[in-house]
2 protein chains.
Amino acid sequence: MKFCTKENCTVNEETNGVRSKRPANATLDGFDRKILGALVEEAGLSYARIGERVGLSAPAVFERVKRLRSAGVIGSVSARLDGESVGKPLLAFVHVDTTGWGKSERLMRMREFPEVEEMHSVAGDTGMILKVRTQGPQALEHLLLQLYVIPGVTASRSYVVLSTYLDRPVQADVTLDWPKHPLPEE
Amino acid sequence: MKFCTKENCTVNEETNGVRSKRPANATLDGFDRKILGALVEEAGLSYARIGERVGLSAPAVFERVKRLRSAGVIGSVSARLDGESVGKPLLAFVHVDTTGWGKSERLMRMREFPEVEEMHSVAGDTGMILKVRTQGPQALEHLLLQLYVIPGVTASRSYVVLSTYLDRPVQADVTLDWPKHPLPEE
DNA sequence: CTTGAAAGCTTGCTTCA
DNA sequence: TGAAGCAAGCTTTCAAG
């Protein structure tokens, strides 16, 4: 707890009961970033192992991870499944055009389909982008049918994924020394 | 849950977009799907807890998870980070148009940027879709600049995300009784 | 932040249906 | 073949320094 001042950090950090509702902007230090990097890459590593990788004791890592979780930096820890193996080989991005403004309650209900993995309103020549993963073309059609029933939806364009060359979680970017950046050389 | 037995467990980023060798089609039964559902929702649940949730003993769950991992159904287990908290509040989807065919070695090098999270070739009025998460507009511009240096890249359209209404991992779809599906009712 | 220690977990081995 | 029972050796996690 390096940002404890003398006033607010008297004896022990019993911050457990009190969940700080801050946007969690307390700057992450190098240790935090290394820990996050390890956890993104391979959650389920023991605290001891992470500790020896970043140069901290197991309880220290434990405390920091706890803090990072309650601060919302770590949202959840989850298994990443293979789409094909779970019977959903077809991945597609669907652009949805709407009249008026896009965020209708009706459109939000599309989230109830487990095939819909992401839903973002965007700036550009469409209003909303959906990432959907289905069993096949027919299931995608089923989804699109549901879309067109929604009032205000005027058009959709589906981009069916042919090959996925990269798919990874949000990176912790241990090297955050902007704007220097490793350029892919010739 | 430790898979690194030695301290020399050095890991490269290449394991993130890993493609499993086998389709791993051994049919998943109800237990498998329930276990997967639990692990997607909350990896790091103890096997004992999962066991009592799905009606199996801890060692039985352990065996099945091991099998699911080596079959490639579970690709990896990772922490999901909050983009803003790690200093990358700007999310965008970038459509890349190319002459000839898209999968150039040169384009693949874009994967080396930690800001690039996904890269798919698609069918539709563009050739490739990138999902990128950057510190801000300037960092996005930097990335686009790198794109346009690549021979064969003729155009790009960036869809900057304004709001994210849903963002979740591949779902295990416990109810896979197709094509019956819960329709979002009026 | 570190050390030390108790409770609980993972996980290989063996036994049982 | 696959699940339950057991037991050793870790891990988590709470004290206290």
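Numbers restart at 1 for each chain; the letters A, B, ... are given by sequence-line order, proteins then strands.
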CA sep, side-chain torsions, deciding dist, call: A:Arg168, A:Leu166, side-chain contact (heavy atoms from CB on, under 4.5 Å): CA-CA 7 Å; A:Arg168 65 182 170 197; A:Leu166 183 70; 4.0 Å; yes
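- In this structure, B:Ile50 places its CD1 atom 14 Å from C1' of C:dT11, rounding to the nearest Å.
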What string of B, S and - do you get for nucleotides 2-9 of chain D 5' to 3' if you count protein non-hydrogen atoms under 4.0 Å? -SS-B---
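- Side-chain contact between A:Arg106 and A:Val149 is present, with at least one heavy-atom pair separated by less than 4.5 Å.
- Regarding contacts with the backbone of D:dT12, every side-chain N or O of A:Lys66 stays at 4.0 angstrom or more from both OP1 and OP2.
- In this entry the distance linking CZ of A:Arg49 with C1' of C:dT10 reads 12 Å, nearest Å.
- You'll find the side chain of B:Ser156 reaches within 4.5 Å of the side chain of B:Tyr148, heavy atoms only.
- A straight line from CZ of A:Phe62 to P of C:dG8 spans 15 Å, rounded to a whole angstrom.
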Indicate every side-chain donor-acceptor pair of residues 118-128 of chain A with a distance under 3.5 Å to a residue at least two apart or in another chain.
unit_1	atom_1	unit_2	atom_2	d
A:Glu118	OE1	A:His120	NE2	2.7
A:Glu118	OE1	B:Lys131	NZ	3.1
A:Glu118	OE2	B:Lys131	NZ	2.9
A:His120	ND1	B:Thr164	OG1	2.8
A:Ser121	OG	B:Ser163	N	3.2
A:Asp125	OD1	B:Tyr159	OH	2.8
A:Asp125	OD2	B:Tyr159	OH	3.4
A:Thr126	OG1	A:Val96	N	3.4
A:Thr126	OG1	A:Val96	O	3.0
A:Thr126	OG1	A:Asp97	OD1	2.6

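- Between the CG atom of B:Leu45 and the P atom of C:dC9 there is a distance of 11 Å, given to the nearest Å.
- Rounding to whole angstrom units, OH of residue A:Tyr47 and P of C:dT10 are separated by 13 Å.
- Within the 4.5 Å cutoff, side-chain heavy atoms of B:Lys88 are placed close to those of A:Gln171.
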Checking A:Arg133 against A:Glu117 for the salt bridge (Lys or Arg N to Asp or Glu O under 4.0 Å) test, could you report, in this order, the C-alpha distance in whole Å, the side-chain angles of both residues, the deciding distance, and whether it holds? CA-CA 7 Å; A:Arg133 195 181 300 269; A:Glu117 292 175 4; 2.9 Å; yes
